[in-house]
Structure formats: structure tokens, C-alpha cells
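What follows is a short report on a single structure.
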Amino acid sequence: VTRAYVGLGSNLGDRERFIRTAIEHMNRIPESSVIRVSSLYDSEPAGDSTQPRYLNAVAVLETELSPERVLWNLLLIEKRLGRERVKRWGPRQIDLDLLFFGDRVIEEPDLTVPHPEVEHRAFVLVPMVELDPTFVHPRLGVTVGHLLRERKLLSAVRWKGRFWY
Ligand code: PH2
Ligand code: MG
Ligand code: MG
């Protein structure tokens, strides 16, 4: 069994509802269960700064599936929740990113793990640190706690309360 960390983001419609529904769907992925979810964080949009603010969280998915299978299931959930892929880094109802898959490092055309943006994004590092500050980024070889302290990104996210999951 592997612990996969999944980043959730929404900046259109009822953001909290999209995140909650996505987590319920994730818990129904075969041979997998959501064992923890971070708090919710309201964050400044990265990339195109004219889009609405995001709500972000990170969930821990315990799974027996391969990383490719997990990714396939995440994309299916995005589709079920009505996501339309309009523009890279543009606004979206729901975005599910496979951030980490245990300590695996994967470089494939359709799957890069750890997610290549992790170390630049407060809205990923802050919830990761909340879940486990000692988690080691397997490509960089340092903890997520270290990355967050070193990069001084904290100001970009606002804590929005504990998730009730
Ligand atoms: N996701 C993006 C682009 N920009 N900004 C924030 N704050 N949160 C996100 O989840 C996010 C983003 C593309 O996936
Ligand atoms: Mg994303
Ligand atoms: Mg994505």
C-alpha cells in the first residue's frame, strides 16, 4: 500500500462544494481510501493572476493501485464534476493533481511525480506541512517543512478552517 498525496483546487462556482464532492469521489476509487485531508486554504491565483482566487487542500489517499491508475481515476473525477479544459493554468471548477506517490520518482510523458510545481507553491506546501512537515520530497531530498521555510511563500495563502472529513 502507498500513500499518494493529491492536491485539490477550485476557483469557479461553489469552491468548497467541489472540493468536498471530489474527496467523496476519491474515497470510492477502487482499492483506495482517503485517510486524511488538510485544512482548506484560500490562495492567490498562480499563473494567470486575473482569474478568481482558489480554494486549495491536500488529501492523503492510501492505495493499492499503480500511479497511472490513480491518475486515470483523478482525471475521471474531474470530468464527472464537469471540468472543461479550456486553458492551461486558467480557471477551473476542480483540479486534482497527483503531487506525490510515496517516495516514487516518475518521469513519463503523461505523468511527472513529484508534481513539478510543488516546491514553488505555497498552496501545496502549506497543506503538506500541516499533514506531515517531515515528509521528504523524493527528487529534492529535503522535507516539505524545509522547502516552505526556505522559500518564504507563506503570505500567499489564508487559512480557511479545518476540513470536517
Ligand atoms: N492551479 C493552477 C494554476 N494556479 N493557483 C492557485 N492559487 N491554486 C491552484 O490550485 C492553481 C493556481 C493550475 O493547476
Ligand atoms: Mg494544478
Ligand atoms: Mg491538474
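Residues take their numbers from the sequence shown, with the count starting at 1. Just follow the structure's listing: the first ligand is 1, and inside any ligand the first atom is 1.
Only the side chain of N56 comes within contact range of ligand 1, with a heavy atom under 4.0 Å; no backbone atom does.
Here is the list of ligand 1 atoms found below 4.0 Å of a heavy atom in R92: 13 (C), 14 (O). Residue E44 approaches ligand 1 through these ligand atoms, each under 4.0 Å from one of its heavy atoms: 5 (N), 6 (C), 7 (N). Taking a cut-off of under 4.0 Å to the non-hydrogen atoms of D95, the atoms of ligand 1 that pass are 14 (O).
Between I19 and I94, the closest side-chain pair of non-hydrogen atoms falls below 4.5 Å. Between L131 and R36, the closest side-chain pair of non-hydrogen atoms falls below 4.5 Å.
If you look at F135 and Y5, their ring centroids are closer than 6.0 Å.
Looking at P52, A46, G47, it is A46 that brings a heavy atom closest to atom 4 (N) of ligand 1.
Hydrophobic clustering keeps L96 apart from W72 (ILVMFWY residues linked when any side-chain heavy atoms are closer than 4.5 Å, directly or through intermediates).
Among the heteroatoms counted here (N, O or S) of D95, OD2 is the one nearest to the Mg ion (ligand 2).
A donor-acceptor contact closer than 3.5 angstrom is absent between the side chains of T2 and E62.
Among the atoms of D97, an N, O or S atom falls under 2.8 Å from the Mg ion (ligand 3).
Applying the 4.5 Å side-chain rule to ILVMFWY residues, one finds that L12 remains a lone member of its cluster.
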